[in-house]
Amino acid sequence: MKLAFVCDLPKEHFSYWNDGLRAALDYLVKKYNWQVSIFNLSSGQKTLDPDEYDFGLFWGAFGNKQHNRKYFKKQGLCFAGGPVSHPNLRNFDVVFTESSVDNEAIKQQGVLTVKAFGTNIKLFRPLPDQKKVWDYIFPAAFALWKRHYVFAQTVEERKALGLAVGYMQPNGWEKETYEYCLSHGITVLPWVPVDALVWLYNASKICLVTADANGGSQRVILEAKACGLDVEVISESPKLLELKDLTPEQVRNDWSEVSYGESLYNAISAVVEGAIIV
């Protein structure tokens with residue numbers, strides 16, 4: 001199987017990309033000897049030839065410009081969030097979702113939809129010798145829908161120490177998110193590579209997630225639990241609530257890069273072979 005994976009990550013982040021999806025792609029190479037070529041549009045890589053590949057796998061929202069038409073004979077999307085109804089939906093033979101909510105909403109539109117999600121447990125793991133410094137951590141891009149004000153207020157009310165770490169948007173866009181944290185005694189850090197993030201998780205006691213229904217953060221819950229942290233969710237988001245009660249053992253057994261990779265393998269193989277899957 002020759003698979004092309006196409007994403008559009010910031011160049012400064014791409015070289016450190018090592019989450020559950022990246023590890024799942026590596027699993028496909030090692031376990032099934034698939035040839036996986038990764039193309040990041042922001043890195044200015046040479047144009048790929050879709051005819052060279054059996055399957056094209058994209059990552060992102062339906063509305064991304066690279067999803068406006070069908071490039072490969074067979075192609076799929078790892079849905080990263082956003083509106084679930086979009087004309088570009090029809091350009092994909094299968095859509096992989098991270099939550100039951102999105103899975104059902106897309107499936108009802110008559111498109112093959114498979115739930116596939118997980119974290120890199122080889123990276124995100126307990127580090128017993130790491131000293132606990134912060135009571136609460138919230139790794140999330142500094143964006144309004146992450147509701148950092150809820151995180152900051154909660155930590156302050158509990159007279160605890162908190163750490164907010166994440167991508168700061170260019171040109172000070174929505175800078176009030178981290179300014180609010182700073183004004184309420186929260187330690188703030190900009191985006192750090194995942195190799196550093198795992199140490200920050202382990203230097204914290206509890207991961208407190210406050211994103212709204214549009215704010216994602218499912219990945220954060222899995223990463224924190226894989227590191228052995230307790231996770232508290234202050235949100236009505238069903239995407240977060242479906243993960244909050246998982247145990248660290250369940251995450252390592254059922255939400256790892258292996259389970260993620262197997263879901264991708266089964267669905268992509270079936271689509272390429274023309275098999276019907278339910």
Side-chain angles (χ1 to χ4, degrees), residues 1-10 17 19-22 24-25 28 34 36-42 47-118 141 143 145 211-219 222 236-243 255 259-278:
M1 177 78 73
K2 293 187 67 175
L3 183 148
F5 179 81
V6 183
C7 59
D8 192 8
L9 297 173
W17 176 45
D19 63 3
L21 177 54
R22 183 67 177 86
L25 295 175
L28 294 176
W34 282 17
V36 177
S37 301
I38 297 176
F39 298 88
N40 184 44
L41 301 179
S42 296
T47 303
L48 63 88
D49 182 359
D51 292 334
E52 294 183 3
Y53 298 93
D54 302 301
F55 192 89
L57 182 61
F58 292 81
W59 178 89
F62 286 122
N64 292 5
K65 63 180 180 180
Q66 62 268 28
H67 305 155
N68 287 343
R69 67 183 179 90
K70 193 166 187 178
Y71 294 89
F72 299 86
K73 296 184 292 290
K74 300 289 184 180
Q75 67 183 43
L77 175 70
C78 289
F79 179 62
V84 294
S85 296
H86 195 281
N88 290 348
L89 177 66
R90 302 299 168 182
N91 293 329
F92 299 102
D93 299 284
V94 58
V95 175
F96 297 99
T97 61
E98 299 178 355
S99 71
S100 298
V101 174
D102 288 340
N103 196 70
E104 291 305 313
I106 297 171
K107 183 181 295 185
Q108 289 176 7
Q109 300 176 68
V111 175
L112 177 61
T113 311
V114 175
K115 191 173 177 182
F117 193 38
W145 53 83
D212 68 14
N214 298 312
S217 290
Q218 302 102 292
R219 187 172 289 104
L222 296 183
E236 296 302 318
S237 169
K239 300 176 185 180
L240 299 178
L241 297 178
E242 74 173 274
L243 298 175
W255 297 81
S259 57
Y260 200 166
E262 286 292 330
S263 295
L264 295 175
Y265 171 79
N266 291 330
I268 292 173
S269 298
V271 168
V272 171
E273 294 168 6
I276 298 175
I277 63 175
V278 179

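If you read the sequence from its start, that first residue is 1, and numbering goes on from there.
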Could you tell me whether the side chain of [Y] reaches within less than 4.5 Å of the side chain of [X], counting heavy atoms only?
X: F92; Y: V271; value: no
X: Y71; Y: Y53; value: no
X: V95; Y: D102; value: no
X: L243; Y: W255; value: yes
X: D54; Y: L3; value: no

In terms of relative ring orientation, are W17 and F5 parallel, tilted or perpendicular, with 30° and 60° separating the classes?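 W17 vs F5 ring planes: parallel.
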Mind telling me whether F62 and H86 have parallel, tilted or perpendicular rings, with 30° and 60° as the class edges?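 Parallel: the ring planes of H86 and F62 meet at under 30°.
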Just by distance, do the side chain of [X] and the backbone of [Y] share a donor-acceptor pair under 3.5 Å?
X: D8; Y: L41; result: no
X: Q75; Y: N91; result: yes
X: N64; Y: Q66; result: no
X: E242; Y: S100; result: yes
X: N103; Y: T97; result: no

Can you tell me how far [atom2] of [Y] sits from [atom1] of [X], rounded to the nearest 0.5 angstrom?
X: E98; Y: K239; atom1: CD; atom2: NZ; result: 8.5 Å
X: L21; Y: F96; atom1: CG; atom2: CZ; result: 10.0 Å
X: S217; Y: L222; atom1: OG; atom2: CG; result: 11.0 Å
X: Q108; Y: T113; atom1: CD; atom2: OG1; result: 9.5 Å
X: H67; Y: F79; atom1: NE2; atom2: CZ; result: 11.0 Å
X: D49; Y: S37; atom1: CG; atom2: OG; result: 11.5 Å

For W34, does the CH2 atom have more than 12 heavy-atom neighbours from other residues, nucleotides or ligands under 6.0 Å away? yes
Excluding sequence neighbours, so at least two apart, what forms ring-ring contact (aromatic ring centres under 6.0 Å, His included) with W145?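 ring-ring contact (aromatic ring centres under 6.0 Å, His included) check on W145 returns nothing, list empty.
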As a quick check of understanding, evaluate side-chain hydrogen bond (donor to acceptor under 3.5 Å, both in side chains) for S263 and K115, giving each step before the final call. CA-CA 8 Å; S263 295; K115 191 173 177 182; over 6 Å; no
Looking only at heavy atoms, what is the nearest atom pair of [X] and [Y], with distance?
X: N88; Y: G63; answer: ND2-CA, 4.1 Å
X: A116; Y: L264; answer: CB-CD2, 4.3 Å
X: A211; Y: L240; answer: O-CD1, 3.8 Å
X: M1; Y: S269; answer: CE-CA, 4.3 Å
X: A4; Y: F39; answer: CB-CE1, 4.1 Å
X: C7; Y: W59; answer: CB-CB, 4.3 Å

Going by the side-chain contact (heavy atoms from CB on, under 4.5 Å) test, name the single residue among L77, I106, V84 that passes it with L89. I106
Would D93 and K70 pass as an ion pair if we require N to O under 4.0 Å?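 Looking at K70 together with D93, the answer is yes, because their closest N to O distance falls below 4.0 Å.
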